[in-house]
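Worksheet: the structure to be examined is printed underneath.
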Amino acid sequence: MMFDYRPGLEKIKPYSVEEKEWDSKLDANESPNNLPPLVHERVMNQIEYMAFNRYPDIGMLDLRALIAEAFATTVQNVLIGNGSSEILLALCQTFGGLGRSIVFPVPSFSMYGTYAQLTDSQAVPVTLNEDFSLSPEKVVEAAEQSKAKLIILCNPNNPTGTIIPKEDIEYIVSRVQCPVVVDEAYYEFYGQSAVNLMKKYEHLIIARTLSKAYGLAAIRVGYMLANTEIVSMVDRVMMPYHINALSLITAQVVYQMRDEFMPIIGQIIEERKRLAVSLAAIEDIIVYPSETNFILIKTKKAQQLSAYLSEKNIGIRDFSTAPLLINCIRITVGTPLENDTLCKAIKEFMTQ
Ligand SMILES: *Cc1c(COP(=O)(O)O)cnc(C)c1O
C-alpha cells in the first residue's frame, strides 16, 4: 500500500448494502411507513422555528428528560447516540482497547465485531446454537476465559429474530462483573425488556434505537440507559454536538408522540405472523421464529432465490453465503401489499 494506514484497517469489512430503487424495500429492517401525518406536521412545524445558526443543546436535556421520565429514571442515566450504532461503538471505546476482550454472539449484528476491531479490542464471538438460541453458560464461560471487559447481547437478535429469555440474561449478568449491554433495537416488536433488571444490576446497560419501530432511520437517534457513572464515562468518548439539531428536534417530537406509532407497530407484528405462516407453507422453506420486524428463512435454493427476487425488484438481505447463515435470507416485514408481492414471488420461484 502506498500510504501508512493504521494497522488492522485492511481486515475491516465495509458495511455494504445493495443500493437500488427497490419496488419493495425489505432489506434493511426499516419501517415501511413514513411518519404518521400528525407527527410529520408537528416535526415540520418545529423545524420551521429552529435556530439554524446555533449549535444544538450540548446536554440534550429535553430529549434525555423525556426518555428518563418514560423509564422513571434521571437524565444522568440516559445517553443519546447518533443511532444506537454510535452508542455501541462508544461502549467499545469506553470498555475495550488493546488487549481487552469484548464478548458478543454470532451470528448477530455484524457491527459488534467491527467495533471491537476498530477499537483494537480482542473480539470474542460466542456461536449461537443450531436453532439460533444463545447458551448463557457459553457466554459466561467466554467472558471468564477472556477476562471480558464488555459483553454485548442482542435481544431479539438480528438477523435471526430469535430471543434470549430474561432468565438467561439474568443468568449472565449475575455471574459476570463486566458491563453487559443488551441491544434492544427490536424491543417494540417483542415487548419484553431487561430494563427492570437494571435496579438489581449496576453493570447492566440497555441500548435502544428510534430507527426501527419509530421509523426514524434517516434521523439517526438511539439511546442508552445505564448507571450514572457509566453514562458519564461513555459520554467522554463522544464528540461535542454529536447529534445535530434537526435530529434532536425530530426525535423529541417522535418520542413525545410515541403512542401514535402503536397501531403501526401492531400491524407489523400481525403482518409478521401472517408472513411467517405464508412462507412456512411454501415447500422447502424453513422459517425461524421471530419477535422482530423481519423474518429469517432458510432454503437450499437461497442463492438463486435471492437473485430471482432482485430481478423482481424486491430487496431482501441475502445471507446465503455468510458464515453460520448458509442458505439464509432475511426479509423485513413490509406493508400488507409488499408482503403479498414477496410471498407470491417466492412461491413462483420455489414451485417453478
Ligand atoms: C439496526 C440495528 C442497530 C442500529 O440502529 P441505529 O440505526 O444505528 O440506531 C443496532 N443494533 C441492531 C441489532 C440493529 O439491528
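Counting starts at 1 for both ligands and their atoms, following the listed order. Being a predicted model, the structure only gives us computed values, none of them experimental.
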Please determine whether side chain to side chain donor-acceptor pair (under 3.5 Å) holds for the pair His242 and Glu86, giving the CA-CA distance in whole Å, both sets of side-chain angles, and the decisive distance to 0.1 Å. CA-CA 9 Å; His242 52 123; Glu86 189 187 30; 2.8 Å; yes
With a cut-off of 6.0 Å (strictly less than), are more than 12 heavy atoms of other residues, nucleotides or ligands near CD of Gln304? yes
What part of Ser85 sits under 4.0 Å from ligand 1 if we count only heavy atoms: the side chain, the backbone, both or neither? both
N/O to N/O below 3.5 Å, does that happen between Asn158 and ligand 1? yes
One finds that the ligand 1 atoms under 4.0 Å from a non-hydrogen atom of Gly83 are 6 (P), 8 (O), 9 (O)
Atom 5 (O) of ligand 1 has as its nearest protein heavy atom Ser84 OG, 3.4 Å
Do the rings of Tyr186 and Phe294 sit parallel, tilted or perpendicular, given the 30° and 60° boundaries? perpendicular
Examine ligand 1 and decide if any of its atoms is less than 4.0 Å from a heavy atom belonging to Arg220. yes
Which word best sums up how the rings of Tyr5 and Phe3 line up, parallel for under 30°, tilted for 30 to 60°, or perpendicular for over 60°? perpendicular
Set out, in order, the CA-CA distance, both residues' side-chain angles and the distance that settles side chain to side chain donor-acceptor pair (under 3.5 Å) for Glu348 and Tyr308, then state yes or no. CA-CA 10 Å; Glu348 259 165 29; Tyr308 182 79; 2.9 Å; yes
Considering only heavy atoms of Ser211, which atoms of ligand 1 have at least one such atom less than 4.0 Å away? 6 (P), 7 (O), 9 (O)
Within 45° cone and under 6.0 Å: Arg175 NZ/CZ vs Tyr171 ring: yes
Part of Lys212 within contact of ligand 1 (heavy atoms, under 4.0 Å): side chain
Taking NZ in Lys300 as the centre, count heavy atoms belonging to other residues, nucleotides or ligands within less than 6.0 Å. Is the count above 12? no
Using a 4.0 Å heavy-atom cut-off, which part of Cys154 comes near ligand 1: side chain, backbone, both, or neither? side chain
Residue and atom name of the nearest protein heavy atom (relative to atom 12 (C) of ligand 1), distance in Å to one decimal: Asp183 OD2, 3.4 Å
The protein heavy atom nearest to atom 15 (O) of ligand 1 is Tyr186 OH, 2.6 Å
Backbone or side chain, does any N or O of Thr209 fall under 3.5 Å from an N or O of ligand 1? yes
Ala185 to ligand 1, any heavy atom closer than 4.0 Å: yes
Name the orientation class of the two ring planes belonging to Tyr15 and Phe109 (parallel below 30°, tilted from 30 to 60°, perpendicular beyond 60°). perpendicular
When you measure from the heavy atoms of Asn29 to every atom of ligand 1, does any distance fall below 4.0 Å? no
Distance col, row Leu296:CG vs Cys328:SG, nearest 0.5 angstrom, shows 4.5 Å
